[in-house]
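Chain A is the first sequence line, chain B the second, and so forth, proteins listed ahead of strands; every chain is numbered from 1. Below, all heavy atoms of this structure are taken into account, side chains as well, without hydrogens, waters or symmetry copies. Since we're looking at a predicted model, the values are computed, not measured.
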Number of protein chains: 2
Amino acid sequence: MPEPQPQSWRSACPVNIALEILGDRWTLLILRDVLLFQRSTFKDFQESPEKIASNILADRLKKLQQHGILESHRSESDARVIAYRPTTKGLDLLPVLIELILWTDRYEETGAPRRSIARLRRAPHEVIAEIKAAFADPTKVAKRSGK
Amino acid sequence: MPEPQPQSWRSACPVNIALEILGDRWTLLILRDVLLFQRSTFKDFQESPEKIASNILADRLKKLQQHGILESHRSESDARVIAYRPTTKGLDLLPVLIELILWTDRYEETGAPRRSIARLRRAPHEVIAEIKAAFADPTKVAKRSGK
DNA sequence: CCGGATCCGTTTCGATACTG
DNA sequence: CAGTATCGAAACGGATCCGG
């Protein structure tokens, strides 16, 4: 087999599809908060350090749900709160997010704690498994550790 | 050690920095072409199926160079042509790109050929090594295998 | 021809204010 | 708390022009 490459599937390369879903600044920030930092409510996201505007946030949350990446339901502990959770499809974005973080940490100045990054680099699979397990277990999702 | 998580490094999470570099539709498409499909010239990128406008393309190429992801030099074979190549930093985006492609292929309808995707899924490291080797070898970079 | 730069109508974004 | 309405600013994208 002298020719492993099947002669350019560029026009069929899935990158462009991914970009229609994720290719804007805010969407990935929301996913960061949901997947990595256990945020779940509209207010949580609004309080992100990047100060997302409420209309943009509403729009992106809607799109993320339409794409089947997030789902929402009323909180059981507090009925007036709507909690957003990742679907399986959403959780499967963790590898992308982690690779992105590792790349950025390698080449840009960030204040990220060494221990967290080191663990992501050493055992990403382990971290992913933990996060998935946490979302699979209802009790862990319901209560976000105080503070 | 009962507490592995150092209490939210969200504000220091490198995702936002990555997004300032990559967080628009066109940048990643250019990188797709450079890293995965051996495109290297302005004209190559213009001919992408997504039809990027020339002013936008020029702007993104400049930014990618400013961020040290691409570098440019005049082609040796044809002096009027400028060839863009990924730097090491640029090549290290391959894992991100690959994870993105695998995710998209898993959940969205794409026309990507099964063999290419299967290989990316089975042995991403191998593919990455090949691509890096190709860029390290000047002869392979210079001539893009004809059509 | 190649790699852009410039101009300009149109769309989209995003900050603020307001509402259920 | 979880959004909508409004409106100015920015980005986009198409066409055209230009220097080498």
A.B. asks: Whole-Å distance between dC2(C) P and K43(B) NZ?
C.D. replies: 4 Å
A.B. asks: Just checking I56(A): base, sugar-phosphate only, or nothing, at a heavy-atom cut-off of under 4.0 Å?
C.D. replies: base
A.B. asks: Pairing donors with acceptors under 3.5 angstrom, does anything connect the side chains of T110(B) and E108(B)?
C.D. replies: no
A.B. asks: Nearest to the side chain of A53(A), which nucleotide is it out of dG14(D), dG14(C), dC12(D)?
C.D. replies: dG14(C)
A.B. asks: Distance check needed: dA2(D) P versus L64(A) CG, whole Å only.
C.D. replies: 16 Å
A.B. asks: Minimum heavy-atom separation for S48(A) to D33(A), with atom names?
C.D. replies: CB-OD2, 3.7 Å
A.B. asks: Taking the minimum atom-to-atom distance to the side chain of F42(A), which one of dG3(C), dG3(D), dC12(D) wins?
C.D. replies: dG3(D)
A.B. asks: Between D59(B) (CG) and dC12(D) (C1'), how many Å, whole number?
C.D. replies: 11 Å
A.B. asks: If you compare every side-chain N and O of Y84(A) against the phosphate oxygens of dG3(D) (OP1, OP2), does one of them come in below 4.0 Å?
C.D. replies: yes
A.B. asks: Separation of R80(A) atom CZ from dA2(D) atom P, in whole Å?
C.D. replies: 9 Å
A.B. asks: What closest approach, in Å, do L102(A) and I117(A) show between heavy atoms, and which atom pair accounts for it?
C.D. replies: CD2-O, 4.0 Å
A.B. asks: Counting the atoms with a prime plus P, OP1 and OP2 as sugar-phosphate, which does R60(B) contact under 4.0 Å by heavy atoms, base, sugar-phosphate, or nothing?
C.D. replies: sugar-phosphate
A.B. asks: For the side chain of N55(B), starting at C-beta, report the closest nucleotide among dG13(D), dC12(D), dA2(D).
C.D. replies: dG13(D)
A.B. asks: Calculate the interatomic distance between R39(A) atom CZ and dA2(D) atom P; express it in whole Å.
C.D. replies: 14 Å
A.B. asks: List the atom of E47(A), the atom of R10(B), and the distance in Å for their closest heavy-atom pair.
C.D. replies: O-NH2, 3.7 Å
A.B. asks: Mind calculating the distance between CZ (R25(B)) and P (dT11(C)) to the nearest angstrom?
C.D. replies: 17 Å
A.B. asks: Ignoring hydrogens and angles, are the base of dA5(C) and the side chain of S54(B) linked by a donor-acceptor pair under 3.5 Å?
C.D. replies: yes
A.B. asks: Could you tell me the separation between the CG atom of L57(A) and the P atom of dC1(D), rounded to a whole number of Å?
C.D. replies: 13 Å
A.B. asks: Measure from the side chain of V81(B), starting at C-beta and using heavy atoms only, and say which of dG3(C), dA5(C), dA2(D) lies closest.
C.D. replies: dG3(C)
A.B. asks: Please report the distance, rounded to the nearest Å, between CD1 in I52(A) and P in dT16(C).
C.D. replies: 14 Å
A.B. asks: Below 4.0 angstrom from OP1 or OP2 of dA11(D), is there any side-chain N or O of W26(B)?
C.D. replies: no
A.B. asks: Can a donor-acceptor pair be found between the side chains of T27(B) and D24(B) at a distance below 3.5 Å?
C.D. replies: yes
